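Single-structure report; data block below.
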Amino acid sequence: MNSGFSPLRLIKNILNKILCGVLAKDSNVPDKVLLNWFNRELYSSSQPKVIDGRAALLAPVCKELSDLTFISRYEPVFWSETGGYSKGWSEEKLRVDDDCSIIISPHNIALRSTASGASILYYHITNDYFVFATSIKQFTKARFTQLDPLGIGEILRFGAGYGKRTVLQGIERLPFGHQLDLNRAGTFKVSTFVNFARKPNLDWNESDAKEQIKKALERSLAEIPEKALLLFSGGVDSTLLAQILRGSGRQFKSTMLAFGDQDSELENARGISESMGMEFEPLQHNFELDDLTSSIEAYSSPTLDFSILPTYCLGKEVLARNQGPDIRLIDGTGGDAWFGFGSMKNSGVWRRLSHLSKFRKIAQTIFARWAHYDGVSLLWPIKAMGRASIRNNPGLGHLCTTPLYSSMIKLSDENWLEMEDEIISLYGNLTDGAEQDDVSQLQIIDACLIATSQFAAKTSQWDLSSECGTFYPFFTPEVVNIARTLPSDLFFSESHAKPLLKDLTIEMGLPSQFSYRKKSGFQPPLQKILSSPDTLEEVLSLIEEDNEVKSLLTNYAAELPRKLLLNKRPLTIQSLYAIWGIIVLTIWIKSLRTDSGVIVD
């Protein structure tokens, strides 16, 4: 994997608002024509820069073209024999940042989605030019183009879009770690420029691994500007970051968003912060329906990550209390993905279930009939079978959010299989086709698709990103490369996930009852918010009225939220995903159609 980007540049690039532009297929197009294309295709109140008769680009935080750190001239990019990434530099030796990039060379132009996951590029193609932006909402075409049923189905099944398909016909995604090369002849190709294949080093032992992880996080955190604000949940990842920050003598504050005084996670976070002597200021927030709609509308593409709601509300609270442009947040997202999550040990189970895929539709039908009893142990094997894939990749079953997806939208078996093939193709691109064991396949799917999608959603893909930079120590190259070389047996111990990180917190002074406790997460508070009398009928009214998304869903899906939310039983994460998917898609698409665009100043 390319390790040529620094955390400081990552922070800087996250502060960029919207990157957008048009690229002409032919050479030497008149400036006036380029500007006309730009103004017709994209929302903007600013005049773009014209480059080389081929491109009209807008990067709103830059005053002059020479200030664009993500525009550099380069020689062709190529893969080395060892599968690594290498570049040839031009005589100007300008750097290429690993956020979304536009790279100009004498022979071609390259669009690049970030190698870190911070931003994703979207584009559509006409006969004469490409149009691209870091937000779907930037396209004028997005106001009227038809929905893609497969794009809707992909989000209901997998929680987000990962490949080139989006929820809108004709608008495509340039997946994370990919670039699109447009040559002077007007032809183009899409390829990857990173390699995340795992190469376990069997010489690793627990002691050495923990020491190297700690040192890598120390170096990453040392590059963050002073007075950063740690997002502290009381979980292992954020606790470890807090311990390292305190050990370095850094000045920092910590905060979390609390769901009332009785929040069990708040009590735990307070206990840990007191045991560490750390400054901790929780923020209380009374959720309203406007918070729900605003948080969903804030993101550049729909995602079923539950944390978008508390993240957005926390961002607003932080910005309301901290004035100035230099706010830096530290987020522990990624620790699970790269150092072990609970279901990683089930990788072999998902593979075996894929061999029984002929029973998948039966299991889905049974679970859909008894979904209001979700949580009953007898339904667990049926639910697992309903999430299993046809293709033999253990990551696909793990990626599936709910077995109810096939009952929620009318798509053919061929359509669902096409989605699986696209995910497998994307996985193959990100690993350069290297053969990987079951655990490695599951980890790469989780880290490079699920976690990266969540990471992107909480950085430059939301509309507070221009005011508040977020730093992710677990996504820096040095930390990721350690995880890629660890033997699989170091990712879990007995019934515990990420034992290396948990043991590190204990060795640094945290009592074991805190390190090995199970977090409740945002699932119970979200169900409470959706089921509360103040919001329940408003939410149901919003998604039950006639709308574009509803027209694509089945009658079963239309009745599902009311059926499950009025049922007083606690929902499992799979049932909550089904409800949340309908809510997110309905609100996001409605916002897209009525919004006047992301106006860039």
Side-chain angles (χ1 to χ4, degrees), residues 1-3 5 7 10 85 98 113-120 158-163 175-178 192-201 209 213 216-217 220 235-237 240 303-305 307 331-347 350 393-401 423-432 434 436-459 461 470-492 497-501:
M1 187 187 71
N2 174 25
S3 58
F5 68 90
L10 182 56
Y85 175 69
D98 282 87
S113 275
T114 172
S116 62
S119 301
I120 301 296
F158 294 130
Y162 303 108
F176 137 82
H178 284 63
T192 51
F193 60 94
V194 291
N195 184 353
F196 281 94
R198 277 182 35 77
K199 297 181 179 180
N201 179 356
I213 293 168
L217 289 173
S220 296
V236 170
D237 305 333
L240 180 57
T303 172
L304 302 195
D305 178 16
S307 70
D331 192 315
T333 297
D336 287 6
W338 285 116
F339 292 99
F341 45 90
S343 58
M344 185 181 284
K345 61 181 179 292
N346 297 328
S347 58
W350 288 121
N393 182 301
L396 290 170
H398 171 70
L399 192 63
C400 181
T401 61
I423 295 291
I424 291 175
S425 175
L426 179 59
Y427 162 83
N429 291 343
L430 293 173
T431 58
D432 199 27
Q436 303 279 273
D437 62 22
D438 287 352
V439 171
S440 297
Q441 290 183 48
L442 196 64
Q443 183 189 40
I444 293 166
I445 289 281
D446 188 274
C448 294
L449 300 186
I450 301 175
T452 299
S453 172
Q454 295 172 2
F455 172 45
K458 293 188 287 188
T459 52
Q461 298 292 284
T470 309
F471 180 81
Y472 294 80
F474 285 104
F475 278 99
T476 53
E478 185 179 6
V479 176
V480 170
N481 280 325
I482 290 173
R484 291 174 60 230
T485 59
L486 290 176
S488 299
D489 59 0
L490 295 183
F491 290 135
F492 43 84
K498 50 184 176 183
L500 293 175
L501 302 188

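Predicted, not measured: the structure shown is a model, and the values here were computed from it. Hydrogens, waters and symmetry mates are skipped; everything else that's a heavy atom, side chains included, is used.
Shown here for S220 and P473, the closest heavy-atom pair between the two residues is OG-O, 4.2 Å. The shortest heavy-atom contact between L426 and Y162 is CD2-O, 3.5 Å. In terms of heavy atoms, V480 sits closest to F474 at CG2-O, 3.8 Å. Contact between A197 and R484 at its shortest, heavy atoms only, is O-NH2, 2.7 Å. Of all heavy-atom pairs between L430 and C448, the closest is CD1-CB, 4.0 Å. Contact detail for L486 and A209: the closest heavy-atom pair is CD2-CB, 3.7 Å.
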Worked verdict on L449 versus F158 for side chain to side chain contact (heavy atoms under 4.5 Å, CB included): CA-CA 10 Å; L449 300 186; F158 294 130; over 6 Å; no

Derivation of the side chain to side chain contact (heavy atoms under 4.5 Å, CB included) call for L396 and I424: CA-CA 8 Å; L396 290 170; I424 291 175; 3.9 Å; yes

Step-by-step side chain to side chain contact (heavy atoms under 4.5 Å, CB included) determination, D237 to F339: CA-CA 10 Å; D237 305 333; F339 292 99; over 6 Å; no

Q441 vs D438, side chain to side chain contact (heavy atoms under 4.5 Å, CB included): CA-CA, chis, key distance, verdict: CA-CA 5 Å; Q441 290 183 48; D438 287 352; 4.3 Å; yes

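When side chains are defined from C-beta on, I445 counts as touching I423, because their heavy atoms get closer than 4.5 Å. Considering only heavy atoms from C-beta on, T192 stays 4.5 Å or farther from D432 through its side chain. With contacts defined as side-chain heavy-atom distances shorter than 4.5 Å, the pair W338/I482 does not qualify.
Under the ring-ring contact (aromatic ring centres under 6.0 Å, His included) criterion, F341 pairs with H398, sequence neighbours left out. Scanning for side-chain contact (heavy atoms from CB on, under 4.5 Å) contacts around S440 gives R198, Q436, D437, with sequence neighbours left out.
Note that the CG atom of L490 and the CD1 atom of I213 stand 8.5 Å from one another [nearest 0.5 Å]. The distance from the CD1 atom of I444 to the CD1 atom of I450 is 13.0 Å, given to the nearest 0.5 Å.
For T333 and D331, the side-chain atoms include at least one donor-acceptor pair closer than 3.5 Å.
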